[in-house]
Number of protein chains: 2
Amino acid sequence: MKFDDKVPIYYQIKNYLYHEMMTGALEPGDKLPAVRQLAVDLTVNVNTVQRALGEMITEGTIESQRGKGNFVTMDKNRITQLKEQLIVEQLERVYNELHALNMTDEQIISSLKTYIAGRGQQHD
Amino acid sequence: MKFDDKVPIYYQIKNYLYHEMMTGALEPGDKLPAVRQLAVDLTVNVNTVQRALGEMITEGTIESQRGKGNFVTMDKNRITQLKEQLIVEQLERVYNELHALNMTDEQIISSLKTYIAGRGQQHD
DNA sequence: CCTAGTGTTATATTTTACTATTACACTATA
DNA sequence: TATAGTGTAATAGTAAAATATAACACTAGG
């Protein structure tokens, strides 16, 4: 996996797993890949994986069963809340960033529209 | 200044100065605060400031005059390009993030509208 | 010429993230 | 009960970022 060297790997692993949960690749109750397998898949050390999982366990996003594995929480509400939270965080960030660049609300919205519209050309 | 401990300080300093330039707080030809002053203002070490400035000098965003100070480039075109670049980077990021959360283009745009509309309530 | 203000550079130290490696604890199952 | 698969934890080492501190180089002005 490709990581941004400006932010801690364990933090990016958390985000990766969040997204797997948000998109349904990992559903409530699902068993995650074994920590050693995740380490191989992501080409990182087991301890780094463990650090990410440890935080998610503390948060209650995943549940650990020693000897069995790590499992996505059965609390679907939590997943929904998490998704909403991730979305708002992103919106908040762009808004603040673009607003700090002296753009008006209207300019922010229209620039996003333009960006998305102009996207079809060279991507996907 | 408050820093996000998930990303290097020198990198955040660069972004801070970029924004100062984008908003016009620092205009082309303007003299930046002395490195030691910046270090005090940002409550950071001189070397950390220097690392940020060093990269910006290499980029050509600012120009250094030994014994005199650091100055914003006179090349207004560069400032404009930089602003456009910063905007696109933000749009790209938000788009990719939200798209990865299974949102459609329309949902992304409308969620931003909703966010901005609902913003007036508790902020500014 | 001296001094204060500026950028630049270097050394040593601390802290944090990450890695490598090993060991331990628990579960399921053959 | 042995073994393979799982999570958990500790130790030691490396690398990068940031700090503290000091010195050097240049400029302007008295």
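The basis for the numbers below is simple: all heavy atoms, side chains too, and nothing from hydrogens, waters or symmetry mates. In this text the structure is predicted, and so the values were computed from the model without any measurement.
Atoms OH and CG, from Y10(B) and N15(B) in turn, are 11.0 Å apart once rounded to the nearest 0.5 Å. With rounding to the nearest 0.5 angstrom, the NE2 atom of H19(A) is 13.0 Å from the CG atom of L26(A).
For the pair I116(B) and I109(A), the tightest heavy-atom approach, listed with the atom from each and the gap, is CD1-CG1, 3.8 Å. Contact detail for I87(B) and M103(A): the closest heavy-atom pair is CD1-SD, 3.6 Å. Contact detail for P8(A) and K6(B): the closest heavy-atom pair is CD-O, 3.1 Å.
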Under 3.5 Å, which N/O atoms of the protein pair with N/O atoms of nucleotides 12-16 of chain C?
none

Protein-nucleotides 7-11 of chain C N/O pairs under 3.5 Å:
unit_1	atom_1	unit_2	atom_2	d
dG7(C)	OP1	N70(B)	ND2	3.2
dG7(C)	OP2	V35(B)	N	2.7
dG7(C)	O3'	S64(B)	OG	2.7
dG7(C)	N7	R36(B)	NH1	3.0
dG7(C)	O6	R36(B)	NH2	2.6
dG7(C)	N2	R66(B)	NH2	3.2
dT8(C)	OP1	S64(B)	OG	2.7
dT8(C)	OP2	Q50(B)	NE2	2.6
dT8(C)	O4	R36(B)	NH2	3.2
dT9(C)	O4	N47(B)	OD1	3.4
dA10(C)	N6	N47(B)	OD1	2.9
dA10(C)	N6	N47(B)	ND2	2.7

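A side-chain donor from one of Q90(B) and R93(B) sits under 3.5 Å from a side-chain acceptor of the other.
For E55(B), the side chain to side chain donor-acceptor pair (under 3.5 Å) partners two or more places apart in sequence, or in a different chain, are K14(B). Listed by chain and number, the residues in a side chain to side chain donor-acceptor pair (under 3.5 Å) with E84(A) amount to none (sequence neighbours excluded).
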Would you give me the side-chain donor-acceptor pairs under 3.5 Å for residues 29-41 of chain B, sequence neighbours excluded?
unit_1	atom_1	unit_2	atom_2	d
D30(B)	OD2	E27(B)	N	2.8
Q37(B)	NE2	D41(B)	OD1	2.9

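One finds a side-chain N or O of T48(A) lying less than 4.0 angstrom from the OP1 or OP2 phosphate oxygen of dT19(C).
Look at CD on E63(A): it is 18 Å from C1' on dC26(C), rounded to the nearest Å. One atom, NZ of K6(A), and another, C1' of dC18(C), lie 17 Å apart when rounded to the nearest Å. Rounded to a whole Å, the CG atom of L42(A) is 18 Å from the P atom of dA17(C).
Put simply, chain A comes within 4.0 Å of DNA chain D, heavy atom to any atom, from dG5(D) to dA10(D), going 5' to 3'.
Partner Q85(B) forms a side-chain hydrogen bond (donor to acceptor under 3.5 Å, both in side chains) with one of E89(B), Q81(B), K83(B) and no other, that one being E89(B).
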